Amino acid sequence: MATLEIDRVRKAYGTMEVLKEVSISIGSGEFLVLLGPSGCGKSTLLNMIAGLEGITDGQIRIDGDVVNDLSPKDRDIAMVFQSYALYPTMTVRQNIEFGMKIRGIPAVERDKSIREAAALLQMEHLLDRRPSQLSGGQRQRVAMGRAIVRNPKLFLFDEPLSNLDAKLRVDMRTEIKRLHQRLGTTIVYVTHDQIEAMTLASRVAVMKDGIVQHLDDPQVVYDRPANVYVARFVGSPAMNIIPGRLVDGAEGLELEMDEPKGGTSRISGAAVSEAARRRYAGRPVLVGIRPEGFSLAEPGQQAIQAAIEVVEPTGPDTLAMFTMGGVEVIARLAPRSAQAGQMASLAVETAKVVLFDPQTEIRID
Amino acid sequence: MATLEIDRVRKAYGTMEVLKEVSISIGSGEFLVLLGPSGCGKSTLLNMIAGLEGITDGQIRIDGDVVNDLSPKDRDIAMVFQSYALYPTMTVRQNIEFGMKIRGIPAVERDKSIREAAALLQMEHLLDRRPSQLSGGQRQRVAMGRAIVRNPKLFLFDEPLSNLDAKLRVDMRTEIKRLHQRLGTTIVYVTHDQIEAMTLASRVAVMKDGIVQHLDDPQVVYDRPANVYVARFVGSPAMNIIPGRLVDGAEGLELEMDEPKGGTSRISGAAVSEAARRRYAGRPVLVGIRPEGFSLAEPGQQAIQAAIEVVEPTGPDTLAMFTMGGVEVIARLAPRSAQAGQMASLAVETAKVVLFDPQTEIRID
Amino acid sequence: EPQIEVLHHWVSESEVAALNTIREALAAKGYGWQDSAVGGMSGGNMQQALRSRLASGNPPGAMQFIGWEGVDWSGQGVMRDLNALDEANGWEATIAPQVLPFVKDGEDLIAVPVNMHRQNWVWASTAAFDKAGIDQPNTWAELIASGEKLKAAGVVPLAMGDEPWQIQVIFDALVADIGGPDFYRKAVVDLDEEALSSDTMKQVFDTLRQVRGLVDDGFTGRDWAVATGMIISGDAAMQVMGDWAKGEFLAKGMKPGIDFLCFATPSETPSYQFLVDSFGMFEVDDPEITEAQDALAEVVMDPTVQHDFNQLKGSIPARTDLSVDDFDECAQKSFKDRTAAIENNAMLGAATHGFASQPQFSAVFGDVTAQFFVGDMSSEDAVQMLVDGINNAR
Amino acid sequence: MATKYGSTARSRRHGRILIYGSLVVLAAIYLMPLWVMITTSLKSLDEIYGGSFIGLPKAVTFEAWARAWNQACIGTSCTGLQPYFINSLMMVIPAVLLSTGLGALNGYVLTKWRFRGSNLIFGLILFGCFLPFQAVLLPIAQVLGKLGLSGSITGLILVHTVYGLCFTTLFFRNYFVTIPDELVKAAQIDGAGFLRIFISIMLPAALPIIVVSCIWQFTQIWNDFLFGVSFTTGDATPVTVALNNIVNVTMGRKQYNVDMAAAMIAALPTLLVYVVAGRYFVRGLTAGAVKG
Amino acid sequence: MTRKKSLSARLAEWLPRLVMVPSLLVILVGVYLFIAWTGWISLSSSRMVPQYDFVGLEQYYRLWATPRWHTAVANLFIFTALFLAVTIAIGLIMAILLDQNIRAEGALRAIYLYPMALSFIVTGTAWKWILNPDLGIQRVVNDLGWESFVFNWITQPNFAIYTIVIAAVWQSSGFAMAIFLAGLRGIDNSVIKAAQMEGATLPRVYGSIIVPMLRPAFLSVIVLLSYIAIKNFDLVLAMTNGGPGGSTEVPSTFMFSATFRRNQMGVGAASAMMMLMTVAAIIVPYLYSELKESRDGH
Ligand SMILES: Nc1ncnc2c1ncn2[C@@H]1O[C@H](COP(=O)(O)OP(=O)(O)OP(=O)(O)O)[C@@H](O)[C@H]1O
Ligand SMILES: Nc1ncnc2c1ncn2[C@@H]1O[C@H](COP(=O)(O)OP(=O)(O)OP(=O)(O)O)[C@@H](O)[C@H]1O
Ligand SMILES: [Mg+2]
Ligand SMILES: [Mg+2]
């Protein structure tokens, strides 16, 4: 268990700047998820924490100590790689044992650690197999086992689930969550899957092009994303970003959006501060509505009229697509509540609507 | 557009029986999804439809004609592979053109078809690149383009999205759905991702070990799965299968489940036929409840008391785990409506509860 | 013009120059010469090429033979006999009787000999002798004894390489010189077990061991011509080698008897260990080639051709009825020695080059002497190995 | 700065010096024989017989090279290596193409069109790699004679093709197993047949291994002596046999400088192939030949 | 139930097998029929030319009673074992060194690889001089002032075979290097990172993890080097011609001289059969396991 401070860290390969002043700090026992698209510098940052990459500028502190110049093995961290990086020629037992052997831990203790880790991860029966004889999920467990026996201050995970199929990913996700609850170790976890980020993190850092866009609690990031990029990146299906206008209408402040065949829809009651109201009244804004922000309107409820184009039943819900404000909008509705080619009256949960500035794309508070 | 009939088809490699009497028939323009875990024989069946594998026994008919002995090229089908199988040394244009060239289609027509397909799939700008210079999603599009220009009776897709990342998968899924709506061709689509199956299919065949477990509309498969296997396989998080008992209680027929610390929970109102009632009353059954079948009970509503162990916020929802009937149960609740370590009163949507026989694991109607 | 293909392993300059005299004489008769030279492996490569060609039914028109090769091939029925030409020209009478067994298969003449080399020569540097103050040795004991003086004078006493055949050349000489011509015939030609295991043979090996002491350490992989070069430069005093070495001296403008000495290996009854190069003709279907074969045989036995050929090659004519007055001093000596040896019944086939026993046996001598010479085997062991080897090869 | 595997800065610098040092020393050792050959070929014969093999020539002369190329005598014909060099080219090019082509076809069938017994056939072919050729010279000669190909370059091409097949089949089979089967299936559905798939899809994709196979075959065939000396005669012999005839004088003095120049000339094409295509060789090995 | 297939369809089905026929045929004749022929000759009394009679195992007895054959067999094993071990060691070291992001990698690789391009006939001659105590290394070192330096293995019957190993290693280690390099390039970097995180030093990383991962590369190197070792013929001829004193005789040179220089074709054939049997004893189980694996694997 340890605190981690990333203090104005930069990384450049030659002239190419991969990380541009990243600052993140997390407390002991927290679960930080670095979320971002491929190539945004997540692995680079993780490798820098691990000591596998040099730091161009800035400081990394673990438990308050600057570790910039420590070699990986002296940082007291463990890492799980996307490809698991199991040693293919060793058995599972040897894989887990290898690091302990190197650190000169006596055989008895090693054995004990292995047994504990194996029990924790339910892989006692796998100890004598080789990685090639394991399924994806089992490999993943072994990689975690290898990390656990180190009993490190800090766990680093680099997209540990992205090689698994969807079903397994969900299971392993829960397992990691449980593990964190049980061990309480500080964790930094890299992923580009926002569901993972949401379910696992105590803090999420959404990154893009080497810059942290939003660092906060997952639910805050989901509900009130810092900018359009974060809004679109977090959540699946993504938040609908609909061009519209803020108008002072009959029922106070209203959001006006164009309908595809001409005409406009209006919704009222969006939560906007007085300052923003003064600044944006009568001007275009981007209206952010989550798919689950829509629901079939009950009679008499304020509603917009949507011409449903495609319907995708997912089982528990149905996704309905229609056009509004010139963009495609997805609404998450109850099963069988909409059909392609028909009109639907949809209510919007206005409390959850978020507005963005069309130029800067930053959230309007 | 064509009908497809798979009539008591079997496939054996040597003595190993991979497919055991599979019968499926679909109408013209339908979208059949073969859903099942790895190794269950989905690809084998698809390859048999395509003519890439011999048929050990039974018949395959396309538009009523037996095609058992036709070679792939004479079956008028097109296929998209999981790995896309793009010809690596050819440009996108040449990839798409190759099949037409072989069939001796004049250059002018070829050009027209390519342009149309490229426009349809929005890849005009990619035509002169090689596959290695394309992203996963772009490759996927090229593979579809190659299939489209054939204008076949039947489209076959073998897990076309499983190499894409989650975000892209959702987008491409919608694109395939749209494509089907536009072209109206009959499609057979293999996947092990149940979300894909649910959103795309007009008919789903859930397979296991070379046997079709359930063949029906996706929503029917979701709501009333034929057996426990299908129930567990379709839906994510999976349907909760809780051991319980059917008791004739005070308020008519009730389902009784054990609570972890002793004591029982009861829910009433499950839809059970008279015959089943007679047969199972007082006997153990498996109770199937979808995660979204739970909700926070409103005061006065019939409810079970759950000690929440883990909470996973996914953004739009929160998954709450607790134990009931000796198994772990997942409930999908509104965001922030539950917290780990607390008790929650949960209502169950009884109309959607499904019961299974504990021995045969088949649904009780 | 009709062509005849001749398979041979002569590829060095002097050999080629000599061969050209035959080629030109043949051309004068109106026949072309198609050259198929395969060098290396002491003719082994050529033998292999020949076998392949015979196996594929495509033999060359003629081939240059050494040792028993001609006779052996004749035994396989692939050679033409030249009896008609022989009778017409009376060739047989002009050939030394000891040579006849190598060119006749029974009553048939199957090859025509062109020259005769002598193998048991000692080539010596007068400068080195003078430096150490020694004279031409008359016995092997003297020769070995002079080694000390030569070494003291900073001269390598004996120049040679470690190739088995170079060692075997010395061995052949020792067998004849120590045991006498009859012993040589018994042991090396007839492979008589008693002779092979006799004390005389042990003595030969003992002497060979002493000879080893005359050789410097750099003899590994040393080409014989390089060794000759050591004599020419005066770095070494003596070399036991056939008369093909003579060309090296003459090419440097050295005069026999003045700048260098040539004398037979020392013995009470000096032997003449000979090699004969002969040409045999293969049975072929094409009458044009048969005609060319006849022409080639006539050219080879032509006295002027033999005369010119041998002056270039360093050997003496195979015909005994020629004058060699205009040959160099060593050749004349060779010619005289041959006449004497024929009288003394001291004409011996050079075992090293296959003129004593069949190749499978002569190779055993090569194996044993080479192993003996470079290692530290005792004479008894060597004799035993020789006997075993010969018996195994029988 | 960007080492493959990070470690601390100081030990890294020492390590680097050590690595470069070892590599340079090794390079020197590897270049030594070439050095000896080149310097010897530039010396005069007198200098060589004067006892100096190693060491710089006192006076550089290219005479030996000129002699080796078009003056040196083999038997009675003094044409140098030139005509034999051309023989070798005429032999090596078709033999390399044929054996590579057939190997590719075999590899294609053995991986993408497997049938009962195809593994056995592969095993049979593979074992042929280890045949000691000395043992089969005579039967080959007999067969060539029966075919009327003895003594000809055509016969030699045939022999090299047959015995080269084993290795090229191995190379291509190991490469083609890494190419997904779906590619063949896709092409089949596109309507392409067996040969069309081979030519349009597989061959273009096999470029790296084609390079490996060609380099390997080129070196083996060009450097072959045994078959050349056994199955050709006179004017039809390849350059290695001619080289042997120049170098291996049985009696008479060795012209070491000409020998070395001749050896260098005979080695030039293979050296060139390695230097020009060596990069692709390693790349091709990376691309699949590695699997045993 | 099944309709008759058309002729062209049936042809298409058989085409893959048909194209294998020529290759298979030439291999069956060129390898197996000829091996059979050699086997027969080894049981005959052949001397100069093939005889098709039958004398039982006589030639084999003769073969094994020949001391030179014993030397040849012993040399083959010494040579093969040392050659493989040293070549693999040096090739591996070079590959590992070259894999450290070396600046002049291309040039160095070419230098290590070029000997592969030369024929043994050519390089054997060069090595003969280099190793000759009067001309080569020993002389150079002596001339430099270290008078007592001795490196005369090529003149020593007990050591000469090692000089052939030296030359052969020089010739082939670049090739081994290339294959190992190819193998190294295929290894996932994160494995190395993982080991480093656990505190393993670089030598340890290579020793415990990377080298064991190169198994496929080892296998192909061993196959190809064994091929070179067994066929080793030209090199011995060029360097020592079997000497000194027959101490560097190897089976292939033995076979050659028995057949073509000593008129003992039967013995030559017997030695060829012995070699083939040795090769088969090693290769066949290997082939079997490899092919079986690939059958299971794909
Ligand atoms: N050694 C290097 N030299 C130069 N550029 C590099 C190097 N390593 C990474 N990069 C670049 O740095 C950027 C960030 O890479 P990084 O691996 O951190 O991305 P990532 O966010 O982990 O992506 P992914 O999700 O694909 O793993 C990329 O554009 C990459 O090309
Ligand atoms: N050529 C073959 N020989 C023997 N068995 C085979 C062959 N091809 C496939 N199988 C076996 O048939 C079964 C079904 O394979 P298939 O490829 O159809 O599975 P799948 O459902 O497509 O799985 P996945 O989702 O992994 O693609 C597997 O157990 C497989 O091992
Ligand atoms: Mg990454
Ligand atoms: Mg599949």
Side-chain angles (χ1 to χ4, degrees), chain A residues 43-44 46-53 70-91 94-105 110 130-133 139 142-152 154-160 163 190, chain E residues 88-89 91-93 95-96 99-103 105 176 179-223 286 289-298:
Chain A
S43 296
T44 306
L46 205 68
N47 283 336
M48 285 161 78
I49 299 172
L52 295 168
E53 293 275 2
L70 285 186
S71 78
K73 65 171 192 288
D74 299 327
R75 295 191 184 193
D76 201 2
I77 46 185
M79 187 157 168
V80 174
F81 294 85
Q82 172 172 1
S83 57
Y84 314 140
L86 300 182
Y87 312 131
T89 54
M90 302 186 188
T91 62
Q94 290 167 328
N95 259 284
I96 299 176
E97 206 172 10
F98 183 72
M100 294 193 280
K101 254 190 187 158
I102 285 178
R103 271 169 287 125
I105 292 169
R110 292 206 302 258
R130 279 176 204 284
S132 59
Q133 299 164 317
R139 284 180 207 186
V142 176
M144 294 215 296
R146 193 167 66 177
I148 287 171
V149 293
R150 298 211 41 178
N151 196 11
L154 197 58
F155 265 125
L156 307 179
F157 287 87
D158 193 353
E159 313 204 12
N163 280 353
V190 162
Chain E
I88 286 173
L92 189 58
I93 289 169
I96 289 174
D99 198 32
Q100 309 298 318
N101 276 325
I102 294 301
R103 234 171 255 272
E105 189 191 315
I179 294 182
F180 283 128
L181 198 56
L184 284 175
R185 295 279 144 89
I187 287 181
D188 177 10
N189 250 343
S190 58
V191 172
I192 297 157
K193 284 186 183 170
Q196 277 190 329
M197 301 262 328
E198 301 206 87
T201 56
L202 207 55
R204 180 100 189 217
V205 172
Y206 275 99
S208 304
I209 296 172
I210 298 183
V211 170
M213 282 173 79
L214 290 176
R215 198 183 96 105
F218 269 94
L219 280 179
S220 28
V221 166
I222 289 172
V223 168
Y286 162 70
S289 71
E290 278 294 298
L291 291 177
K292 202 169 153 238
E293 216 165 272
S294 79
R295 196 178 312 149
D296 297 345
H298 290 278

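FYI, side chains are in, hydrogens and waters are out, and symmetry mates aren't considered; it's all heavy atoms of this structure. Please read these numbers as outputs of a predicted model, since none were measured by experiment. Within every chain, numbering begins at 1; the chains are lettered A, B, ... in the order of the sequence lines, protein sequences first and strands thereafter.
Looking only at side-chain heavy atoms (C-beta outward), A/Thr89 and E/Arg215 stay at 4.5 Å or farther from each other. Within the 4.5 Å cutoff, no side-chain heavy atoms of E/Lys193 are placed close to those of A/Met79.
Note that the CZ atom of A/Phe81 and the CE atom of E/Met197 stand 6.0 Å from one another [nearest 0.5 Å]. Rounding to the nearest 0.5 Å places OH of A/Tyr84 at 12.0 Å from CG of E/Asp188. Note that the OG atom of E/Ser208 and the CD1 atom of A/Ile102 stand 6.5 Å from one another [nearest 0.5 Å].
Proximity to chain E is limited to the side chain of A/Asn47, based on heavy atoms less than 4.5 angstrom apart. In this structure, the portions of A/Ile77 lying under 4.5 Å from any heavy atom of chain E include both its backbone and its side chain. Neither the backbone nor the side chain of E/Thr201 comes within contact range of chain A; no heavy atoms are under 4.5 Å apart.
The residue among A/Gln82, A/Arg103, A/Arg150 with the most heavy atom pairs within less than 4.5 Å of chain E is A/Arg150.
What you find for E/Ala195 and A/Tyr87 is that their closest heavy atoms are CA-OH, 3.2 Å.
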